[in-house]
Amino acid sequence: MTRFSVPALLLLGFLAVSCGDENEATPTPALPEHLTLGNPSGAAADPAQPTNYLLLKSQYALSYHRDKGIPNWVSWHLSPEWLGTAARQDDFRADATLPAGWYQVSTSSYTGSGFDRGHNCPSADRTRTVADNSATFLMTNMIPQAPNNNQRTWATLESYCRTLVDEGNELYILMGNYGKGGSGSNGYQTTIDNGRVTVPQRIWKVIVVLPQGSDDVLRISSSTRVIAVDTPNDNAQLPSWGSYRTSVDAIEQATGYDILSQVAPAVQATLEARVDNGPTQ
DNA sequence: CTGTGCCTC
DNA sequence: GAGGCACAG
């Protein structure tokens, strides 16, 4: 499975803006906060890897696919510290931090397409400061998402995540997509913006639920709740998110990624084979 | 940037 | 009704 080198890890550690300082004596370099579970595709901040380009922001981390115009996956930590009172900024805009010469998807790239500018890291997960909320509106955090999938199925799952935080948990969340072609409000399309933005076929999420304060990934055990969901990018009236639960193994098989790679192998095997059957609200 | 609409809870 | 997701002009 994909792994990244120790020098790369060190580099990532130094680049991480919001990464809390650990003990300097820690033998293994700490991953950035939002990559605590690992780097599923071995993304690197190297313009020579345009289809798996690592973008580290203080609010979230992602692997960007230049030729699809969307992220492969986005990863972030959701804890009470990230939740505050900042208003939704709604300032959708191009991400100017992409390497020079790359096409920058803009808010108008989606206009009239029949697909929502669907957040990966949700606006409502980043309300600590105005800057944090605004960062979620960068177009590198968006995928063309069928409105009913985004505003119903997905919104409900996102809301449930924040409920889990309100109940005393903190979460590590990974959201991604695969395949090509979905049905928005204008019907089936494989791309929008003159082919510069790919419409994904499936949208998935993996959520690791930990009691607050146990943010050491080593404390993930075989009894840790892991919620894995895989939904079609379809505008039909979908059932609630609970009926789309699947295993991490199934998502790995569909994507080729190595998810939860920072978790101890034996624990990883147990957690990844399980399908969550816990509460859904 | 403002106004509007739909959905879930 | 409040909060969350958007859209159009």
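Below, chains carry the letters A, B, ... as their sequence lines are ordered, and counting in each starts from 1.
To the nearest angstrom, P of C/dC5 lies 13 Å from CG of A/N120. One interatomic measurement links the two molecules: CZ of A/R93 to P of B/dC1, which rounds to 12 Å at whole-angstrom precision. Regarding A/F92, its CZ atom lies at a distance of 15 Å from the C1' atom of B/dT2, rounded to whole Å. Atom P of nucleotide B/dC6 and atom CG of A/N235 are separated by 15 Å, given to the nearest angstrom. Rounded to an integer number of Å, the gap from CG of A/D91 to C1' of C/dC7 is 16 Å. Rounded to an integer number of Å, the gap from A/D90 CG to B/dC1 P is 11 Å. To the nearest angstrom, P of C/dC5 lies 12 Å from CE of A/M175. Following rounding to the nearest Å, A/Y110 (OH) and C/dA8 (P) show an atom-to-atom distance of 15 Å.
Legend: residues meeting salt bridge (charged side-chain N to carboxylate O under 4.0 Å, His left out) with A/D91, ordered by chain and number and at least two apart, are A/R93. By the salt bridge (charged side-chain N to carboxylate O under 4.0 Å, His left out) test, A/R162 pairs with A/D125, sequence neighbours left out. Scored by the salt bridge (charged side-chain N to carboxylate O under 4.0 Å, His left out) test, A/D132 finds A/R128 as partners (sequence neighbours excluded).
Between the side chain of A/T156 and the main chain of A/R152, a donor-acceptor pair closer than 3.5 Å is present.
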All N/O donor-acceptor pairs, side-chain side in residues 224-232 of chain A, below 3.5 Å, sequence neighbours left out:
| residue | atom | partner | partner atom | Å |
| --- | --- | --- | --- | --- |
| A/T224 | OG1 | A/S221 | N | 2.8 |
| A/T224 | OG1 | A/S221 | O | 3.1 |
| A/R225 | NE | A/D276 | OD1 | 2.8 |
| A/R225 | NH1 | A/Y160 | OH | 2.8 |
| A/R225 | NH2 | A/D276 | OD2 | 2.9 |
| A/R225 | NH2 | A/P279 | O | 2.7 |
| A/D230 | OD1 | A/R202 | NE | 3.1 |
| A/D230 | OD1 | A/R202 | NH2 | 3.4 |
| A/D230 | OD2 | A/Y178 | OH | 2.7 |
| A/T231 | OG1 | A/N149 | ND2 | 3.2 |
| A/T231 | OG1 | A/I203 | O | 3.2 |

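Residues from residues 145-160 of chain A placing a heavy atom under 4.0 Å of any atom in DNA chain C, listed by number, are A/N150, A/Q151, A/E158.
The A/T111 side chain lies nearest to C/dA8 when the options are C/dC7, C/dG4, C/dA8.
A donor-acceptor contact under 3.5 angstrom links the side chains of A/N133 and A/S123, judged on distance only.
Checking the phosphate oxygens (OP1, OP2) of C/dG4, no side-chain nitrogen or oxygen of A/H119 falls inside 4.0 Å. Considering only side-chain N and O atoms, A/R88 lies nowhere under 4.0 angstrom from the phosphate OP1 or OP2 of C/dG3.
Among residues at least two apart or in separate chains, ring pair (Phe, Tyr, Trp, His ring centres under 6.0 Å) pairs with a member in residues 111-131 of chain A are A/F92-A/H119, A/H119-A/F137.
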